[in-house]
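So the structure is just underneath, and the comments pick up after that.
What you are looking at is a predicted structure, and each value in this text was computed from that prediction instead of being measured.
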Amino acid sequence: MPRPHNGNNPATPRQQNIKRSIMSRVRVLYAIFAVIAVAIFAMILVTQYGPNGTPLRNRSDRKCYKTIDVPASRGNIYSHDGRILATDSPSYNLSVDFTVLDMDAEEFNALSAALADSLHRTIPGYSKDHFLRRLREIRAKALRGGPGSQNQRLVRDKVNQLQLDRIKTFPIFNKGRLGGGLIYTQDAERYKPYGTLAARTLGKPGEFGLEASFNEFLSGSDGRNLCVRLVRDIWVPVVSKENVEAVNGYDLVTTIDVDMQDIVETELRKQILDKNATCGTAIIMEVETGEIRAISNLTRYGSTVRDDVNHAITMRCEPGSTFKLVSLMALIDEAGYSLDHPIDCAESGRYYYQVGKRKYLVEDSHAVGQTDLRGAMEQSSNIGFVKLVDQEYHDSPERFVDFIQSLGIDRQVNMQLYGGLKPVIKDPRRKKETAWDAISLMKMSYGYAIELTPIHTLMLYNAVANDGHMVAPRLVTAITENGHTVERFATETVNRKICSDKTLRLVREALEGVVEEGTGSMMKNPNFKIAGKTGTAQIAMKNRGYADERGGRDYLATFAGYFPADNPRYSCIVAIKTYYGPGARNSFYGATLAAPAFKAIANRVYALDAKWQAPLSQSDEPCVAPVKGGDMQQIRTATNRLSITADIGRRTRGWGTTQRDSTHVEVTALSAEEGVMPSVRGMALKDALYLLESRGLRVHANGKGKVVSQSPRAGTAIREGDPVTVTLRPAGN
């Protein structure tokens, strides 16, 4: 029998042979691996340091590393009181990579329907069907593979941060970048909290407006980061001495007042649309500093208007009668005339200016006749100014031109923007260059043969309001960084004194007279005085003269002035261009087209400042609100809603009068006796008329408000058809 196996027994020869065989094979494998390792190491050395090493390393770097620009945040633009007018707001482009999806067709169809519905609710302007169709197209292209399958644009529109945050939670996309395939890249977009307010003035980066004029300060400088590829198109920054930190742009502090800007745009838009005008500009400037508080430039396109052309500095044309201010100043300051200098403005309103054998007709919009220089200005007489300017400057017209140039309105004005046009002023010393002819002086006297932009006209009127000190208009007061001033723009003087104090006093008196007695009388205001001048001018149509083939003409209607006239704080101009064709009925005069907008702007601006309002005074009058007499039930309703104590029962009927004291309103019922005059004192006119006419009386009313007296008196015997007079005054008077 075989002996039992013992673990301590030596291995059999067969087992030893197997062990030696295994070990020999292991040694061979070790040797092979060692050779492979040496070969790999050798290949690494050759790759790194061989003849192709540098190109291969560069290729590797290009595949795995790249420098990505880090855009700087653009500076903010602020109003003069610190409200943001323009700022950077992140926006995102959306793309999709569905090659990363790990789902079958059934699951994708179910989730894509929910995703399309969510996208439709989040991104306006696209239907659910549109998104569903687009998602399926992206999925189909991803399954086919090939170029462009990994990064497909979802929509052309950009989304904001709130929209993106929501989109990340939608079905499929909520699986993350590598699971759901949502790709988004950030862009910096300018966000304007007040929408299109001052759109042209604020402008667009690199194109126009303050964004372009101050682009160097607003844009800052971009940085750069060295990034390494993590996976696919995902790059993460790495620490490198090549990295450069972005420097954000500076901020601008403008002179714009948001409330005034809204007023100016609203009133100018209303006037352009209501009067079917072509375009226009309206500007408010602070008298002392030249700071532009509001500026609107609107152009009509059918039934809408857009702020797309800066008419304030580019609408260069003949200003018309607003330029008579210059003629008036020259006659007083340079020639020594007085406001009461007599002048015959022709009873017919027509005057022929003779040059050699030729006669040129000069007309007034209305006959003025015999008057003085003050009257010629107030009534805007072309004839008056032609006669006086020709009388004084006929033999030396260069004196008149020199006076114009001495004012400072012959320079280019940009208001810290690009594109301002320089005025065109004819000069007899440069006849050929400036196209001076025999009637240039005549035409210049009333605002023709000279071209100005609205901002030049405003500068002149502002100088009159500013005691003769002409300042340059400006829109930006400071450049700041984190609230600290980097550069400040002070008030720039154009002309320290445009005329003598005596001339200035007379000129301001004449401009106030235009509003009080003359062509600007519609500007009268019981609360404050306005001084200014109307202007109406035909606009030359390039090579076609002043009329087109149909006989239609372009007009510029203007009102320029300042307020309050006795202590000027703001100057303002409204200049509106309109086309007047055959059979047209639209308005084109400065007094009817521009002046109403000026008045509405001035009234609303005046109402903004509490300092201009009359102070409240103490009074011994009862503090209970006045309640008019009338129907007893209506009196009860009024007192209940105003929480005023009144002794009226719930079921009381009939008519009553009221008397208030410091605590309540006392109501007295009226007698309904026939043939007796009832008391209507304290009633509104409607109730008084009803009560009196129901008795057959003929009522004559004076004033407005509540009835304060009546004749015949209450209690007097009356008959049907008797007359009765009631006098009314506003409640509280």
Do you know the tightest heavy-atom contact between Ser381 and Val368?
CB-CG2, 4.1 Å
If a pair satisfies ring pair (Phe, Tyr, Trp, His ring centres under 6.0 Å) and one of its residues is in residues 399-438, list it, with sequence neighbours excluded.
Tyr393-Phe400
Is the positively charged end of Arg306 above the ring of Tyr301, judged by distance under 6.0 angstrom from the centroid and angle within 45° of the axis?
yes
Scan side-chain atoms only and decide if Gln379 and His366 contain a donor-acceptor pair under the 3.5 Å cut-off.
yes
OG on Ser79 to CD1 on Ile84, rounded to 0.5 Å
9.5 Å
Taking atom NZ as the centre, does Lys204 end up with more than 12 heavy-atom neighbours from other residues, nucleotides or ligands that are less than 6.0 angstrom away?
no
Could you tell me the separation between the CE atom of Met442 and the OH atom of Tyr351, rounded to the nearest 0.5 Å?
9.5 Å
Closest non-hydrogen atom pair, Thr480 against Thr485
CG2-CA, 4.1 Å
Leu511 side, atom CG; Leu506 side, atom CG - distance, nearest 0.5 Å
11.0 Å
Of all heavy-atom pairs between Ser73 and Asn248, which one has the smallest distance, and what is that distance?
N-OD1, 2.9 Å
Enclosure of Glu288 CD (heavy-atom neighbours >12, cutoff 6.0 Å)
no
Quick one about Asp88 and Tyr191 (side-chain donor to acceptor, distance below 3.5 Å, no hydrogens or angles considered), yes or no?
no
Would the Phe588 and Tyr580 ring centres measure less than 6.0 Å apart?
yes
Residues at least two apart in sequence or cross-chain that pass side chain to side chain donor-acceptor pair (under 3.5 Å) with His484, listed by chain then number, are none
Strictly under 6.0 Å, is that where the ring centroids of Tyr446 and Phe385 end up?
no
Can you see whether Tyr250 engages Glu216 through a side-chain donor-acceptor pair at a distance of less than 3.5 angstrom?
no
Do the ring planes of His341 and Tyr337 sit parallel (below 30°), tilted (30 to 60°) or perpendicular (above 60°)?
perpendicular
Donor + acceptor pair across side chains of Asp427, Thr434 (<3.5 Å):
no
Tell me if the OH atom of Tyr606 is crowded by more than 12 foreign heavy atoms within 6.0 Å.
yes
So, is the end of the Arg293 side chain (NZ or CZ) under 6.0 Å from the ring centre of Tyr570 and within 45° of the ring's axis?
no
Indicate yes or no: does Lys497 engage Asp501 in a salt bridge with an N to O separation below 4.0 Å.
yes
For Ala565 and Arg508, work out which heavy atoms get closest and say how close.
O-NH2, 3.3 Å
I'd like to know if Arg374 and Glu509 make a salt bridge, using a cut-off of under 4.0 Å between side-chain N and carboxylate O.
yes
Quick one: pull up CD1 in Ile498 and CG in Leu407 and give me the separation to the nearest 0.5 Å.
6.0 Å
What I want to find out is whether Lys533 reaches Glu512 closely enough, with some N-O distance under 4.0 Å, to be called a salt bridge.
no
Applying the side-chain hydrogen bond (donor to acceptor under 3.5 Å, both in side chains) criterion to Arg300, which one of Thr278, Thr578, Asn276 satisfies it?
Asn276
Salt-bridge criterion met for Asp333 and Lys502 (N-O under 4.0 Å):
no
How far apart are the closest heavy atoms of Cys279 and Met315, and which atoms are they?
SG-SD, 4.2 Å
Return the CD1 to OG1 distance between Ile573 and Thr457, rounded to the nearest 0.5 Å.
4.5 Å
So do Pro423 and Arg316 actually touch side chain to side chain, heavy atoms under 4.5 Å?
no
Is there a donor in the side chain of Glu265 and an acceptor in the side chain of Gln261, or the other way round, less than 3.5 Å apart?
yes
Side chains of Val464 and Leu504: does their closest heavy-atom pair fall under 4.5 Å?
yes
Classify the ring geometry of Phe528 against Phe563: parallel below 30°, tilted from 30° to 60°, perpendicular beyond 60°.
tilted
For a side chain to side chain contact (heavy atoms under 4.5 Å, CB included) with Asn603, tell me which candidate from Asn527, Ile263, Asn525 qualifies.
Asn525
Please round to the nearest 0.5 Å and tell me the distance separating atom NE2 of His311 and atom CD1 of Ile455.
14.0 Å
So, Ser321 side chain and Thr534 main chain: donor-acceptor pair closer than 3.5 Å or not?
no
Any sub-3.5 Å donor-acceptor pair from Ser521's side-chain atoms to Glu517's backbone N or O?
no
Kindly give the heavy-atom pair with the smallest separation between Asp308 and Arg200, and that separation in Å.
O-NH1, 2.8 Å
If you define the side chain from C-beta out and look only at heavy atoms, does anything of Leu252 sit under 4.5 Å from Tyr78?
no
Salt-bridge criterion met for Arg399 and Glu392 (N-O under 4.0 Å):
yes
May I ask you to say whether Arg429 pairs ionically with Asp402, meaning some side-chain N is under 4.0 Å from a carboxylate O?
yes
Does one side chain, of His469 or Thr493, offer a donor that lies under 3.5 Å from an acceptor on the other?
yes
salt_bridge(Arg74, Asp251) N-O dist < 4.0 Å:
no
Could you check whether Glu492 pairs with Arg474 (Lys NZ or Arg NE/NH1/NH2 to Asp/Glu carboxylate O, under 4.0 Å)?
no
